[in-house]
Undergrad: 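Just passing along the structure, written as structure tokens.
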Amino acid sequence: MRIATWNINSVRIRFELIRAFVEKYKPDVLCLQETKTQDESFPHLEMQSLGFNYREIRGEKSYNGVAILSKIPIRLSDKLTFFNDQSRHISVHLENGIELHNFYFPSGGDIADPSINQKFHHKLQYIDNVADWFKRYRSDNKKIILVGDLNIAPGKNDVWSHRQLLDTISHTYMEVYHFNRLMKSINFIDVSREFVSYEEKLYSWWSYKNIGWRENDKGRRLDHILATQSLKESLNKHFICKEFRDTNGPSDHVPVLIELTKD
DNA sequence: ATGGTTGGGGTCCAA
């Protein structure tokens, strides 16, 4: 089974890109963030045409928005709200017993000081609340996968320059502290790092503002797949689909995909 | 050098 996550930055404008991705990588389940579409405007028929017969969505006007599209049956679990009422989370049960959470964490604004930047304060609080929720309501012996744009690049090789980005939101020690709390909440595995050594640079996002992003390669790893320990033996393949940053009209994020063996 | 680009909705905000 293949599960993918992608911050699509408008699901409507990038449907043809989604089609190309689905045809190439054949995900069974596709989790999207930043759909930027109210539920009544979600492109259901188009998604159905790609074989996604099962869809759970949570949108809002203009901003945020998450969706889980699936070729295999899914059952809605939760649409949780951590701290504010924005559409940043949706979760489902898969028929093989896995619970799948799709998140779009707050970006956090520009100034890396929670005492003067309310958005950053909210971001830290949001991560903390998510960690608390998993610690309180979920157990590390369950099969749980958490994916999404977490807007945090936790490791020194998850950014193009650890030293130069220490005061840049997404890579501050404060965010890494809260990210690690989330990781420990139910003993999550950082799946991408199971496949790619911590010593290697690994990115999933390159800013639109960085012209020549490929030559400069000033990327960050903001998109994550976390899994509980009971899924460790099922992890079979992993792709960060960098070629989708090179298309016409790309998202600034690329898809991250894992394949699980049947158990 | 402190910019740069993009999408949605509406003449600016968020990323």
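Chain letters run A, B, ... following the sequence lines, proteins first, then strands; residues in each count from 1.
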Undergrad: Let me know the distance between CD1 of A:Ile169 and P of B:dA14, rounded to the nearest Å.
TA: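 It is 14 Å, rounded to the nearest whole Å.
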Undergrad: Taking CD1 from A:Ile13 and P from B:dT6, how many angstroms apart are they, rounded to a whole number?
TA: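 It works out to 11 Å between those atoms.
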Undergrad: Quick one: do A:Asp132 and A:Arg181 make a salt bridge, cutoff under 4.0 Å?
TA: yes
Undergrad: Take atom P in B:dG7 and the same atom in B:dA1, then report the distance between them in whole Å.
TA: 31 Å
Undergrad: For residues A:His253 and A:Phe244, establish whether the separation of their ring centroids is below 6.0 Å.
TA: no
Undergrad: Write down the distance between CH2 (A:Trp213) and C1' (B:dA15), rounded to a whole number of angstrom.
TA: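 Distance, rounded to whole Å: 18 Å.
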Undergrad: What residues form a ring pair (Phe, Tyr, Trp, His ring centres under 6.0 Å) with A:Phe179, not counting sequence neighbours?
TA: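 Testing A:Phe179 for ring pair (Phe, Tyr, Trp, His ring centres under 6.0 Å), a comparison that skips the adjacent residues, returns A:His224.
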Undergrad: Kindly state whether the ring of A:Tyr126 and the ring of A:Phe82 have centres lying under 6.0 angstrom apart.
TA: yes
Undergrad: In residues 242-256 of chain A, what residues come within less than 4.0 Å of DNA chain B, judged by heavy atoms?
TA: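 Heavy-atom contacts with DNA chain B come from no residue of residues 242-256 of chain A; none.
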Undergrad: With rounding to the closest Å, how many angstrom separate the P atoms on B:dT5 and B:dG9?
TA: 23 Å
Undergrad: Which residues pass the side chain to side chain contact (heavy atoms under 4.5 Å, CB included) test with A:Asp190, not counting sequence neighbours?
TA: A:Met183, A:Ser192, A:Arg193, A:Tyr198, A:Arg221
Undergrad: Atom CD1 of A:Ile8 to atom C1' of B:dT6: distance rounded to whole Å?
TA: 13 Å
Undergrad: For B:dG7 and A:Arg14 - does any side-chain N or O of the residue sit under 4.0 Å from the phosphate oxygens OP1/OP2?
TA: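 For A:Arg14, the contact criterion (side-chain N or O under 4.0 Å from OP1 or OP2 of B:dG7) is met.
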Undergrad: Tell me, please, which residues at least two apart from A:Ser139 pass side chain to side chain contact (heavy atoms under 4.5 Å, CB included).
TA: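 A:Asn141, A:Lys142.
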Undergrad: Please give the distance between the C1' atoms of B:dG4 and B:dA14 as a whole number of Å.
TA: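 Result for the C1' pair: 16 Å, nearest Å.
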Undergrad: Let me have the donor-acceptor pairs involving side chains of residues 67-75 of chain A, under 3.5 Å, with sequence neighbours excluded, atom names and distances please.
TA:
{"residue": "A:Ser70", "atom": "OG", "partner": "A:Ile72", "partner atom": "N", "Å": "3.0"}
{"residue": "A:Ser70", "atom": "OG", "partner": "A:Ile72", "partner atom": "O", "Å": "2.5"}
{"residue": "A:Lys71", "atom": "NZ", "partner": "A:Pro27", "partner atom": "O", "Å": "3.2"}

Undergrad: For the residue pair A:His171 and A:Trp160, is the inter-centroid distance of their aromatic rings smaller than 6.0 Å?
TA: no
Undergrad: Using whole Å, report how far OH of A:Tyr104 lies from P of B:dA14.
TA: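 Between P of B:dA14 and OH of A:Tyr104: 12 Å.
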Undergrad: Taking the P atom of each, how far is B:dT6 from B:dT11, in whole Å?
TA: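 Nearest-Å result for B:dT6 against B:dT11 at atom P: 22 Å.
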Undergrad: Roughly how many Å is it from OH in A:Tyr126 to C1' in B:dA15, rounded to a whole number?
TA: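 Distance check: A:Tyr126 OH to B:dA15 C1' gives 16 Å.
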Undergrad: Please list, chain by chain and in numerical order, all residues satisfying salt bridge (Lys or Arg N to Asp or Glu O under 4.0 Å) with A:Asp140, sequence neighbours excluded.
TA: none
Undergrad: Quick one: salt bridge (Lys or Arg N to Asp or Glu O under 4.0 Å) partners of A:Asp39, sequence neighbours excluded?
TA: none
Undergrad: Indicate, with yes or no, if the rings of A:Phe195 and A:Phe239 have centres closer together than 6.0 Å.
TA: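 No, too far apart.
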Undergrad: Name every residue in residues 56-69 of chain A that has at least one heavy atom under 4.0 Å from any atom of DNA chain B, in order of residue number, or write none if there are no such residues.
TA: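 The answer is A:Lys61, A:Ser62, A:Tyr63.
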Undergrad: Side chains of A:Asp149 and A:Gln33: donor-acceptor distance under 3.5 Å anywhere?
TA: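 Distance-only check fails for A:Asp149 and A:Gln33.
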Undergrad: Write down the distance between NZ (A:Lys36) and C1' (B:dT6), rounded to a whole number of angstrom.
TA: 7 Å
Undergrad: Between A:Thr37 and A:Asn7, which is nearer to the 5' end of DNA chain B once each is assigned its nearest nucleotide?
TA: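 It is A:Thr37, whose closest nucleotide lies nearer the 5' terminus.
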Undergrad: Under a 3.5 Å threshold, yes or no: a donor from one side chain and an acceptor from the other, between A:Arg245 and A:Ser204?
TA: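 The answer is no; no qualifying pair exists.
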Undergrad: Apply salt bridge (Lys or Arg N to Asp or Glu O under 4.0 Å) to A:Asp110 and list each qualifying residue two or more places apart in sequence or on a separate chain.
TA: none
Undergrad: Quick check on contacts: within residues 107-120 of chain A, what sits under 4.0 Å from DNA chain B by heavy-atom distance?
TA: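 Going residue by residue through residues 107-120 of chain A, the ones with a heavy atom under 4.0 Å of DNA chain B turn out to be A:Ser107, A:Lys119.
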Undergrad: How would you list, by chain and number, every residue that makes a side chain to side chain contact (heavy atoms under 4.5 Å, CB included) with A:Arg19, sequence neighbours excluded?
TA: A:Phe15, A:Glu16, A:Glu23, A:Leu50
Undergrad: Mind calculating the distance between CG (A:Asn9) and P (B:dC13) to the nearest angstrom?
TA: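 Distance, rounded to whole Å: 18 Å.
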Undergrad: Quick test: give all pairs of protein nitrogen or oxygen and nucleotides 2-5 of chain B nitrogen or oxygen below 3.5 Å, distance rounded to 0.1 Å.
TA:
{"residue": "B:dT5", "atom": "O4'", "partner": "A:Tyr208", "partner atom": "O", "Å": "3.2"}

Undergrad: Assign A:Arg220 to base, sugar-phosphate, or nothing according to its heavy-atom contacts below 4.0 angstrom with the strands shown.
TA: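 Here A:Arg220 touches no strand at all.
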